[in-house]
Amino acid sequence: MKKIRIHPEMKTQISKEFKVTMQTVSMSLKYFFDSDKAKAIRKRALGLLQQEIDQNKEE
């Protein structure tokens with residue numbers, strides 16, 4: 001099963017940015033939704049994960 005796993009704080013941040021519920025974020029990251037907004041949520045989640053990776057490389 002395909003899904004994107006991120007920290008709950010990141011999910012909260014995404015839900016505030018997109019003005020959606022936590023359930024919408026969770027369902028989007030689990031690929032249950034495939035709308036344009038769900039795709040944008042997944043893209044943002046991957047972007048946040050990439051930022052985490054980049055920050056940890058610098059340390």
So CD1 of I41 and CG of L46: to nearest 0.5 Å the spacing works out to 12.0 Å
So which pairs with a foot in residues 3-16 pass side-chain hydrogen bond (donor to acceptor under 3.5 Å, both in side chains), sequence neighbours left out? Q13-E17
Between K43 and D36, is the closest basic N to carboxylate O distance under 4.0 Å? no
May I ask whether V20 and F32 are part of the same hydrophobic cluster, defined by side-chain heavy atoms of I, L, V, M, F, W, Y residues being less than 4.5 angstrom apart, directly or through others? no
How many angstroms lie between CZ in R44 and CE in M10, if you round to the nearest 0.5 Å? 9.5 Å
Co-membership, hydrophobic cluster, residues I4 and F33, 4.5 Å side-chain: no
Which donor-acceptor pairs under 3.5 Å do side chains of residues 23-31 form with protein atoms, sequence neighbours excluded?
| unit_1 | atom_1 | unit_2 | atom_2 | d |
| --- | --- | --- | --- | --- |
| T24 | OG1 | T21 | OG1 | 3.0 |
| S26 | OG | M22 | O | 3.2 |
| S28 | OG | T24 | O | 2.8 |

